[in-house]
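Values in this document were obtained by computation on a predicted structure and should not be read as measured data.
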Amino acid sequence: MSKVTRLFDFPYYQLNNKPNASALVTKYDGEWTPTSTQEYVDKANAMSRALLKLGIQKDDKIAVISSTNRTEWNIMDIGILQLGAQNIPIYPTICAEDYEYVLNHSESIYCFVSDVEVLEKVRKVQANTSIKEVYSFNRIEGCKHYSELLELGKDQSNQPEVEARKDAVKPEDLATIIYTSGTTGRPKGVMLSHWNITSNALDSSPRVPLVEGENRVLSFLPICHIFERVLIYVYQYAGTSIYYAEGIDKIGENAKEVKPNLMSVVPRLLEKVFDKIMLKGEDLTGIKKGLFFWAVRLGEQWEPYGANGAWYEFKLKIANKLIFSKWREALGGNLGTMVSGSAALQPRLARVFGAAKMRVMEGYGLTETSPVVTVGLYADNMYKVGTVGKAIDNVEIKIADDGELLIKGPNVMMGYYKDPEKTASVMTGDYFHTGDKGEVDAEGFLKITGRKKEMFKTSGGKYVIPPLLENDMKQSLFIEQIMVVGEGEKMPAAIIQPNFEFIRDWIKLKGHDIGTTDAEIANSEIIVNRIQKEVDKYNKHFGKWEQIKRFELTPEVWSVDGGHLTPTMKMKRNIIKAKYEVLYEKIYRP
């Protein structure tokens, strides 16, 4: 096969051009277990044969819900898609009621789950859905195991029917419906065709610095999210070995074992990694501590392509040998590139990790754009700190009169499932309205300046763009989450979730006599005053009218389970404001 036009073509392309003995690698019972390209294709075909025996027709919907990325997900993906059916990936962390909504809205008839926790949520609502049967990847008592279908599919007599179904699938056919974790209201079902995603993977491939067939990547961002899913197809196209991390809490440990060359990240993860590194630096003493913070300060001034000159590069060489080499070692020693998406990355982090030879390439996109619109690449001068890179091939960016980004290309979705009105509201001809504001500089680099809907006006008529303030303030080690408020009020203010983990270590280090529970920290005058110093420091970067004049601290961690955040870690602004109505009133009407 020379041409890839549908999603299930990727593994066949790999098999014919770059077969890999460790195409997909998952850890089972403490052992990394590789699946070769041949085994991957064979199992996907066995799954297709079994699904045919279950009566799966073209355009039937099958839900897949997995707590972690794993080889079985890919086998299901290809097994479903090559029959002309659709894979409905669902975020594992959403509540049972949202499972029920997505299963019903998508009209899913079978469901595959990873573990007991996910199964329990599905069982709670299964009677209210059209789900005929649930299969699990882990062995769970009282639930059919996915291997039963592989066994059923061993009989190859209906393989000609599988081939006929494959041949009948057109690039423009629907491949998947991805339910976006809306910050308001019910999730929207984004319909993406085979060509939407395939073209995006092919057009993104030149921006991923992989040496074909020689790389290991570590995957841990949810594969149900289109960002990681497209990268998985890109890696398959390149013949790369994909290692699935055991979970977000095991990334450091898994990175040491796998020694990846590349991994995708979200800014929140990098912030946490950096916070831990800085805490270790605080524990050092004497000359070691001095060298550590000298290296960090040097890193914060980093510019790509040696722009700071020979003297700076000489000092950076020393910093790399003495300090940054240990950072790389902690992540396996071979990590040269991280691809970052889903939210804005603090320029400070891009600089420090860039200085440490672990360059962070920011990208931009949405589920509706399959998702990649732009991404940086260190080669060919296609990287600039503070931007999300340049548009990939075949994707066009237009800036509307009000600054909104409009996107046109083969990656733009088919529409929202069962919602033609909503679809029409975000399209002007072939252009998709992103809801994001941005600007493209003279060299073609895109900079995101905020969400159209998130910008607000104070009672004095001044405009405030919350994400700009929030991203700056989150550079503080004391601030974990921050939401800027003040629409229609006399001044901007903020509701802040302190970085409880860091602050507990700080209290210990400083010997302060205050409690260490989350509530005690949030109510401590010492902590409030210390965070005020941080707010004052970052306020200086903004005009008087947009500076944060007052803030309140929340006594708990903002989380997906708590309803504060979407599964992609975006703030649910209306919900956070409603949860902390008392704090909001305290700010504006004390």
Side-chain angles (χ1 to χ4, degrees), residues 180 190 192 195-210 221 225-235 237 262-267 270 304-305 337-347 349-351 353-354 359-400 403-413 426 430-452 465 467-468 471 568 570:
T180 62
V190 178
L192 297 176
W195 187 239
N196 283 152
I197 305 173
T198 300
S199 69
N200 200 247
L202 297 176
D203 291 337
S204 299
S205 286
R207 298 288 174 89
V208 182
L210 293 169
L221 295 181
H225 188 281
I226 189 62
F227 174 46
E228 190 73 5
R229 187 171 173 184
V230 141
L231 281 171
I232 296 299
Y233 296 130
V234 169
Y235 302 150
Y237 188 63
L262 185 144
M263 66 183 191
S264 48
V265 295
V266 288
L270 283 184
Y305 311 117
T337 304
M338 293 180 274
V339 184
S340 177
S342 99
L345 178 73
Q346 300 162 15
L349 289 181
R351 292 185 196 284
F353 281 102
R359 296 174 191 130
V360 186
M361 297 296 122
E362 272 197 272
Y364 167 73
L366 305 95
T367 305
E368 289 90 339
T369 57
S370 302
V372 185
V373 171
T374 66
V375 68
L377 175 67
Y378 199 78
D380 308 324
N381 288 313
M382 293 177 74
Y383 174 68
K384 189 187 273 190
V385 175
T387 76
V388 290
K390 296 184 178 185
I392 60 170
D393 288 347
N394 302 312
V395 173
E396 185 190 327
I397 300 171
K398 189 161 115 181
I399 311 280
E404 185 182 8
L405 296 172
L406 310 183
I407 309 299
K408 178 183 175 183
N411 57 328
V412 172
M413 67 169 180
V426 296
D430 292 334
Y431 285 95
F432 169 70
H433 289 249
T434 64
D436 289 315
K437 297 183 79 130
E439 51 202 34
V440 178
D441 70 14
E443 297 167 273
F445 288 98
L446 175 64
K447 185 173 186 176
I448 305 299
T449 54
R451 282 291 290 169
K452 195 175 162 187
I465 303 173
L468 297 183
N471 291 335
T568 51
K570 291 184 178 78

From the options [options], select the one residue that forms a side chain to side chain contact (heavy atoms under 4.5 Å, CB included) with [X].
X	options	answer
Tyr364	Thr374, Thr369, Val372	Thr374
Ser264	Thr337, Val230, Leu221	Leu221
Leu405	Ile397, Leu366, Thr449	Ile397

Counting N and O atoms only, with roles assigned by atom type, does the side chain of [X] sit under 3.5 Å from a partner on the main chain of [Y], one being a donor and the other an acceptor?
X	Y	answer
Asn471	Pro467	yes
Arg207	Lys390	yes
Asp441	Glu443	yes

*For Tyr383, what residues pass the ring-ring contact (aromatic ring centres under 6.0 Å, His included) criterion, not counting sequence neighbours?*
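Here the qualifying residues are Tyr378.
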
I'd like to check the ring-ring contact (aromatic ring centres under 6.0 Å, His included) partners of Tyr233; sequence neighbours left out, ordered by chain and number.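 Counting only residues at least two positions away or on another chain, Tyr233 forms a ring-ring contact (aromatic ring centres under 6.0 Å, His included) with Phe10.
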
With distance as the sole criterion, is a donor-acceptor pair present between the side chains of Glu362 and Thr387 under 3.5 Å?
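No donor-acceptor contact under 3.5 Å links the two side chains.
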
Taking only residues two or more places apart in sequence, or in another chain, which ones meet [X] in a salt bridge (charged side-chain N to carboxylate O under 4.0 Å, His left out)?
X	value
Asp203	none
Lys408	none
Asp430	none

Closest approach of [X] to [Y] (non-hydrogen atoms, all atoms of both residues):
X	Y	answer
Pro410	Asn394	CD-O, 3.3 Å
Phe227	Val265	CE2-O, 4.0 Å
Tyr305	Leu377	OH-O, 3.9 Å
Ala201	Ser205	O-OG, 2.8 Å

Per the salt bridge (charged side-chain N to carboxylate O under 4.0 Å, His left out) rule, what does the pair list look like for residues 368-377, sequence neighbours excluded?
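Not a single pair qualifies under salt bridge (charged side-chain N to carboxylate O under 4.0 Å, His left out).
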
#### Entry: Atom pair CD1 (Ile226) and CG (Leu231), whose distance is rounded to the nearest 0.5 Å
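Taking CD1 in Ile226 and CG in Leu231, the distance rounds to 9.5 Å.
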
